[in-house]
Number of protein chains: 2
Amino acid sequence: MPRPPAPDPRRTLTLRDVSEASGVSEMTVSRVLRNRGDVSGATRERVLEAARSLGYVPNKIAGALASQRVNLVGVIIPSLSNMVFPEVLTGISEVLEDTGLQPVVGVTNYLPEREESVLYEMLSWRPSGLILAGLEHTDASRAMLLQAGIPIVEIMDIDGTPVDSAVGISHRRAGRQMAEAIIAAGYRKIAFLGTQMPNDHRAKKRLQGFEEALAKVGLTLVDREFYSGGSALLKGREMTEAVLKRNPDIDFLYYSNDMIGAGGLLYCLDKGIDVPGKVGLAGFNGVELLDGLPRRLATMDACRLDIGRQAAEIIAGKRPAGVVGGEMVELTPTLQPGDTIRRV
Amino acid sequence: MPRPPAPDPRRTLTLRDVSEASGVSEMTVSRVLRNRGDVSGATRERVLEAARSLGYVPNKIAGALASQRVNLVGVIIPSLSNMVFPEVLTGISEVLEDTGLQPVVGVTNYLPEREESVLYEMLSWRPSGLILAGLEHTDASRAMLLQAGIPIVEIMDIDGTPVDSAVGISHRRAGRQMAEAIIAAGYRKIAFLGTQMPNDHRAKKRLQGFEEALAKVGLTLVDREFYSGGSALLKGREMTEAVLKRNPDIDFLYYSNDMIGAGGLLYCLDKGIDVPGKVGLAGFNGVELLDGLPRRLATMDACRLDIGRQAAEIIAGKRPAGVVGGEMVELTPTLQPGDTIRRV
DNA sequence: GTCGTGGCTGTTAGCGGTAACATAGCAGCT
DNA sequence: AGCTGCTATGTTACCGCTAACAGCCACGAC
């Protein structure tokens, strides 16, 4: 039976071990391992060989302390389970890949206090940059961010005042835009279906923008329904059923995300409801999943990949010369009408 | 325009700053901040107040170096985009939450070399434990793991020899079991649809087990189809169409994951194919999404949450006394027949 | 011959904490 | 009073690595 991984007779290796094994000073070993400074080819070979054969793994903790440099970038996001943030992460990783920087992810579950503690934890490792979702933070969090003395990029949202830089879209505008499209298509009895999350500020802003645009033409939401937890697809079905039962004359359902929208779509198709004739549907995010549904749900992509990329570029300092910090990048999501809004 | 976060006049704070501000030694401050050792209530208050008002954030790098203790647990997984690993992470976080340990995630994209470099990077931060997916690693990776001198838990799979501990299911057995259920239900012309990923060893093992069980009753796969990249749901549709066109007499489709299985299901329903009468379907994973589909896809849950929990427990040392390491935990997935396999 | 000069290697002094031990003050006891 | 045994705090010596600088050597120019 395999024992715990070798209660190693020898303590874990240090530069000194490699230096002794190769007959040079620790400093020279350090230089070889970091490819820094001039080292003769012969010495380099000898050192590398020694390091390899010993199985030496440098101690970044000591290195970071000594050099005051850490190649870590903190990334703080609310959730991993809804398909939207993984794509942001992909964008971030892509860009960071060839910069020597490494993302470290923290998840807050949409809880401000949790964000605060994750942030504290991260800052205590002195990362060289920080990317976090949203513009709303506790006072303490904001104070830490300001103190940190490193580049900070707040992502996803730009309706507000960033601490440093921001990359995102205007959710208010996105909501407004969708409302306008819906109105233009002739729908009038509109309901909203979303998550019951007081801290999902972006969803809230979309709804605000949406209602603003409705108000502008004298409309108000006919109904609204919220959920929390569980399978979003299933919840989408259930909520849709509930809403349509309560108000059979509703002609449009605006969902706060694609997943529940997809559930609603499947429900309507099941029930033989004419989409988009009798009822129109729209979601938000532009998730890949929609490609495989029987009908294309109207949505608006949230530029997730691009947001991740640009945020990482700011952190990595890959910006056009002259730009120093405090950047505000607004991306513009495009409306994808799909097949669930009447064509006018 | 907001400038980069205050090119702080004062360098970043250290224990000394707090110690001066509160009139005690650095050591005492350190004790207060870590709740270690006896400190009088009055002193404690004074120190905390000073730390708070300065906005001091401890430097874990220095702390870790001095104490030779790091509260980080490395987690190395192949992907974040397929719904399966986020749930594992949830299980891990849940358990780690109240241990002072913190997960740090690395993603390999199913590339062994990438795993090797992520592993190297992680070990160089000297985490107190490591959780990684799968039992297959490069020689160099395996060597590093053995040298590391920390608890290692390989998760998801148990068909092989772990370096230290392992928590997972037998994918071979899962495949076999599904095949047996399918055969028992009377299906005979069976096809397999999966991902084109040479490094997804678990999918491969499921297929092996599946074919073994078929062979035992003299059957072989009628057809197989692979995909890579893109929207899994859509790919599921396309592959299903391709397979059914090639072999109209096929009566069962076994998918290597639920997402493509769901795509296949939607396709069949679209085409009015009698499921499970004419064609039966099954996937793998037991993802939440299935709850919202028009019909419940047969699947087998992969015990993801539980795998995460138990792996974290091993790392956190929360195991029944007497257990030292080198644990092997086999979980048993349950077959969920849903509505896409004929009832016998 | 002398003096740069550049290439390579070594020495020293921390980085910001913490373990381990030392010390001071004081109550309680004989 | 003298001793013991606490509790609350300070002192010292690192943890493993790197920045900064110092040293050494061969070589060519003058």
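Just so we're clear, the structure is a prediction, and the values are computed from it rather than from any experiment. Lettering follows sequence order; numbering is per chain, from 1.
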**Asked** Near DNA chain D, which residues from residues 20-36 of chain A have a heavy atom under 4.0 Å away?
**Response** A:Met27, A:Ser30, A:Arg34
**Request:** Please test B:Arg44 against B:Asp38 for salt bridge (Lys or Arg N to Asp or Glu O under 4.0 Å), starting from the C-alpha separation and ending with a verdict.
**Result:** CA-CA 10 Å; B:Arg44 154 166 283 110; B:Asp38 301 308; over 6 Å; no
**Fill in**
Whichever of B:Thr43 and A:Lys60 has the more 5' nearest nucleotide on DNA chain D, that residue is B:Thr43
**Asked** Would you call A:Glu87 and A:Arg304 a salt bridge, taking side-chain N to carboxylate O under 4.0 Å as the test?
**Response** yes
**Asked** For DNA chain D, whose closest nucleotide is more 5', that of B:Arg126 or that of B:Gly37?
**Response** B:Gly37
**Other residues, nucleotides, ligands: >12 heavy atoms within 6.0 Å of B:Asp98 CG** = yes
**Request:** Would you check if B:Ile155 and B:Leu132 make a side-chain contact, meaning some heavy-atom pair closer than 4.5 Å?
**Result:** no
**Asked** To 10°, what angle do the rotation axes through the five end pairs on each side of the helix from C:dG1-D:dC30 to C:dT30-D:dA1 form?
**Response** 60°
**Asked** Is there a side-chain contact between B:Leu80 and B:Leu89, using heavy atoms and a 4.5 Å cut-off?
**Response** yes
**Asked** Does a side-chain heavy-atom distance below 4.5 Å link A:Val104 with B:Val105?
**Response** no
**Message:** Under a 3.5 Å threshold, yes or no: a donor from one side chain and an acceptor from the other, between A:Arg142 and A:Thr138?
**Reply:** no
**Prompt:** chain B on DNA chain D: first and last contacting nucleotide, 5' to 3', under 4.0 Å to a heavy atom?
**Reply:** D:dA8 to D:dG16
**Message:** If I compare all heavy atoms of A:Gly74 with all of A:Met122, which pair ends up nearest, and what's the gap?
**Reply:** CA-SD, 3.6 Å
**Prompt:** Can you check the B:Leu15 CG to C:dG17 P distance for me, whole Å?
**Reply:** 4 Å
**Request:** Measure from CG on B:Leu13 to P on C:dC15 and round the result to the nearest Å.
**Result:** 15 Å
**Item:** Whole-Å distance separating the CG atom of A:Asp38 from the P atom of C:dG7
**Value:** 6 Å
**Identified side chain to side chain contact (heavy atoms under 4.5 Å, CB included) counterpart of A:Arg31 within the set A:Val39, A:Val47, A:Val24** = A:Val39
**Message:** Distance check needed: C:dG16 P versus A:Arg69 CZ, whole Å only.
**Reply:** 14 Å
**Fill in**
Smallest heavy-atom separation, A:Ser128 atom then A:Ile150 atom, equals O-CB, 3.9 Å
**Message:** Check A:Glu20 with A:Arg16, please: is the shortest side-chain N to carboxylate O separation under 4.0 Å?
**Reply:** yes
**Asked** Closest to the A:Gln68 side chain: C:dG17, C:dC15, C:dT18?
**Response** C:dC15
**Item:** Rounded interatomic separation in angstrom, taking CZ from A:Arg44 and C1' from C:dT9
**Value:** 13 Å
